[in-house]
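Basis for what follows: all heavy atoms, side chains included, without hydrogens, waters or symmetry-related copies.
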Amino acid sequence: MKKKNKLDFDRTYVWMTIPLVVLFFLFNTFPLIKGFMYSFTNFRGYGTYQSVGLRNYMDLFTDARVGHSYLFTFGVAICVTVLVNVISLILAMGLNSKIKFKSGLRALYFVPNILGALVVGYIFNYFFTYILPAFEKMVFGSGSSILASEKWAWVAIVVVCVWQSVAMQTIIYISGLQTVPEDIYEAGAIDGSTGWTRFKTLTLPLILPFVTINLVLTMKNALMVFDQIMALTKGGPAQSTESISYLIYNNGMSGGQFGFQSANAVLFFIVIVLISVFQLKFMGKKEEQL
Amino acid sequence: MKKKYNWPVTILLILGLVTILFPLYITVVIAFKQPSEMGNTLSSILSLPKSWSFSNFAQAMKVTDFWHTLLNSILITGVTVILSVLLHSMAGYAIGRMKKRHKWFNRAYFYIVSGMFVPFAILMMPLVKETADLHIANIVGVIICYLVFFMPINVMLYSGYLTNIPEALEEAAKVDGGSTWSTYWTIIFPIMKPMHATVAILTALSTWNDVMTPLVIMSGSGANTLPLAQLTFQTQFGTNYNLAFASYLLALLPMLIFYIFAQKQILNGVVNGAVK
């Protein structure tokens, strides 16, 4: 019989972890470092390259196309986050009330989430290019595709993103609403809180952790929007719908801007981390106050 | 027990389904029509096809090499899911059990979980180079990438789930002479079944529908996944909408069929994963 020292532990645990840590390093941390290094070069993706110091980073802030992609991405992300959370919260309250066909309705409302964003984007592409203009023509006498409009193409992107992410967020809100005990509402009813006040003073504070999760998730997903753009506009018309991810992909992979777009990716990474930390901190504080 | 349904809400929710079903309706209708049946007016676009013919599907399957592409999608998703459940659960277990006792495991936990903040955009370009240099710019490379991308969330889910499993179970097995390794596979792994289901579903959904990873890593290897095939299809044959929609429908169908059969597990799995 071996005597066990308290500090001693079974090496098996180490062997269960090490292969994955190594794999994670090789395909996550290592490329991250590599990308950081490329961001200081004028690498085009092929051939030779030299270090250019901080020039890529300086250029980022003066490049109009990059600036526009940040504005566009943030605009879309904010619209999507607000719309998705409002719609899915309303939908979740409906699906959580005493309705008939409850499980069937819940199952159907989840369908958009299981469909691939690219294919959904193509279907909506047709809707915006042919069906919506045909409808306008019938009602107003003339109609054109919003996908061809520099001013309105972003609306189509928002619509498709919202259509898809509402499904997931609704399910999360439903499970949040189920954690609210019924007797709290009964107690609230005695105090005379109904309708909007009931929602504001009872429901919302009690599901705030779920609001936090949903805000962080939708914001993060919307900031990385890619498939929808690929399917709907390919960044056009006139580069008006280029998201950050799309710009990095498009110009980095085939536009000969490997080094420059690496710098853009590093900046994007920093921005994502800052936003996530800020959201979690800010929302965490609000939760504590309750 | 009162059984009074809220009918106004029920009716509103049923009406709201139009937003979900309309795009699916367009897809089916256009996929079955012939180009000659498509007009510019609303009614000609939205009407049912005169005869339901499968010719579009047959042609779309040929153009996209459907069976081969489907097989690739199934292979990538299947292997990713199996390896995620086996490997991520193992690491999640070791980290979950040891992170309070040893600094090293705690660090490993934060190291892996912090990977959630790394956007694909920054890894994309170096990964293309790396997989090409390692000669895995193919299905193997894509699977490895997925294993790494889903590691943060899956390890977090598994080690979180472990807090519900009393340690006494393993200790009892160890007293009976089992090693940590055998105890894990005979006692803990089967107990974690609900979490396996959640991890498998979340991983499968994201893998099956993902475009970007196979796009940047496999482009040029000649292997396609279902969503990727739609992308190349669109650039080459984008003008024949009936053919395109037949192809879209074919790409959506496997997931829809799967959802119809496993709907309850999928919804439960998603809730499980999201709330943890």
Non-hydrogen atoms of chain A under 4.5 Å away: do they reach the side chain of [X], the backbone, both or neither?
| X | value |
| --- | --- |
| B/I11 | neither |
| B/T180 | both |
| B/K264 | neither |
| B/I266 | side chain |
| B/I112 | both |
| B/L17 | both |
| B/I260 | neither |
| B/L13 | both |
| B/M255 | both |
| B/L134 | side chain |
| B/M125 | both |
| B/L226 | neither |
| B/V128 | side chain |
| B/W104 | side chain |

Does the side chain of [X] come under 3.5 Å of the side chain of [Y] through a donor N or O and an acceptor N or O?
| X | Y | answer |
| --- | --- | --- |
| A/N221 | A/T218 | no |
| B/Q265 | B/N268 | no |
| B/T10 | B/N6 | no |
| B/Y93 | B/E170 | yes |

Please state whether the side chain, the backbone, both or neither of [X] comes within less than 4.5 Å of a heavy atom of chain B.
| X | result |
| --- | --- |
| A/L95 | both |
| A/V166 | neither |
| A/M224 | side chain |
| A/K220 | side chain |
| A/M37 | neither |
| A/F269 | both |
| A/M230 | side chain |
| A/F258 | both |
| A/S97 | side chain |

Taking the six-membered ring for Trp and the full ring for Phe, Tyr or His, determine whether the centres of B/F245 and A/Y126 are under 6.0 Å apart.
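Ring centroids of B/F245 and A/Y126 are less than 6.0 Å from each other.
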Would you check if the distance from the ring center of A/F124 to the ring center of A/W163 is below 6.0 Å?
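So the answer is yes for these two rings.
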Residue selection (most heavy-atom pairs with chain A, distance under 4.5 Å) from [options]:
| options | answer |
| --- | --- |
| B/M151, B/R97, B/H88 | B/M151 |
| B/I20, B/I30, B/V9 | B/I20 |
| B/L21, B/V211, B/I14 | B/V211 |

Between [options], which residue shows the highest count of heavy-atom pairs closer than 4.5 Å to chain B?
| options | result |
| --- | --- |
| A/Y249, A/F36, A/Y38, A/W15 | A/Y249 |
| A/A167, A/S245, A/A107, A/S103 | A/A107 |
| A/F135, A/F127, A/Y122 | A/Y122 |
| A/I171, A/T12, A/L118, A/I114 | A/I114 |
| A/V273, A/L23, A/L217 | A/L23 |
| A/V266, A/N28, A/I272 | A/N28 |

Reported [atom1]-to-[atom2] distance for the pair [X] and [Y], which is rounded to 0.5 angstrom:
| X | Y | atom1 | atom2 | answer |
| --- | --- | --- | --- | --- |
| B/I144 | B/I136 | CD1 | CD1 | 4.0 Å |
| A/T170 | A/Y109 | OG1 | OH | 9.0 Å |
| A/K234 | A/Y246 | NZ | OH | 6.5 Å |
| B/S247 | B/F233 | OG | CZ | 4.5 Å |

Counting N and O atoms only, with roles assigned by atom type, does the side chain of B/K33 sit under 3.5 Å from a partner on the main chain of B/V28, one being a donor and the other an acceptor?
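Here the side-chain-to-backbone pair does not exist.
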Any sub-3.5 Å donor-acceptor pair from A/T73's side-chain atoms to A/I244's backbone N or O?
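Indeed, once roles are kept as given, a pair shorter than 3.5 Å links the two residues.
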Give the ring-plane orientation class for A/F25 versus A/F30, where under 30° counts as parallel, over 60° as perpendicular and anything between as tilted.
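Ring orientation of A/F25 relative to A/F30: tilted.
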Could you check whether B/K99 makes a cation-pi contact with B/F105, meaning its NZ or CZ is under 6.0 Å from the centre of the six-membered ring and within 45° of the ring axis?
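Verdict for B/F105: no cation-pi partner in B/K99.
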I'd like to know whether CZ of B/F110 has more than 12 heavy-atom contacts from other residues, nucleotides or ligands below 6.0 angstrom.
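Open.
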Test log, rule ring pair (Phe, Tyr, Trp, His ring centres under 6.0 Å), inputs A/F210 and A/Y173
CA-CA 6 Å; A/F210 294 87; A/Y173 275 132; 7.9 Å; no
Going by heavy atoms in the side chains, are B/W7 and A/K100 under 4.5 Å from each other?
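Of all side-chain heavy-atom pairs linking A/K100 with B/W7, at least one is under 4.5 Å.
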Sub-4.5 Å side-chain heavy-atom contact between A/L232 and A/V160
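A side-chain contact exists here, since the closest heavy-atom pair is under 4.5 Å.
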